Amino acid sequence: MPDAQDKKPDPKLFFETDRFQKAALIVLVALALVLFALEFTGLRYGYTEADKIPAFYILYAGVGAALVGFASVAFRKLFLRGKTFYGERGVESEKHPLEDLDERLDRDA
């Protein structure tokens with residue numbers, strides 16, 4: 001019976017390759033730059049004073065995303081339980097099924 005260590009890792013899918021991720025990042029950054037440049041062309045008809053500020057929605061979204069990120073880090077520090085929170089009843093304290101596989105196979109035979 002082969003060991004679990006002998007298993008070969010699954011090959012990466014196309015979308016998981018470094019080449020695809022770099023290309024996707026370049027495309028997204030280029031698209032963002034084009035949209036940012038287009039933000040300053042054309043007439044603006046804002047309903048509020050904030051709508052009339054150039055690149056307002058880009059800045060608003062960026063600040064909002066940063067706030068969500070900082071809030072998630074803060075909540076994680078507040079509410080995350082330690083690795084030993086459950087002690088002896090935790091999943092980490094269980095024996096791995098492959099540890100005593102030979103003994104169990106000998107016993108069942």
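Computed from a predicted model, the values in this text were never measured in an experiment.
Tyr45 and Asp51 share no side-chain donor-acceptor pair at under 3.5 Å.
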Please set out all donor-acceptor pairs under 3.5 angstrom arising from side-chain atoms of residues 28-40, sequence neighbours excluded.
{"from": "Glu39", "atom 1": "OE2", "to": "Arg44", "atom 2": "NH1", "distance (Å)": "2.6"}
{"from": "Glu39", "atom 1": "OE2", "to": "Arg44", "atom 2": "NH2", "distance (Å)": "3.4"}

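In this view, Tyr60 satisfies the side-chain hydrogen bond (donor to acceptor under 3.5 Å, both in side chains) rule with no residue, not counting sequence neighbours.
Here the straight-line distance linking atom CD1 of Ile53 with atom OG1 of Thr48 works out to 8.0 Å at 0.5 Å rounding.
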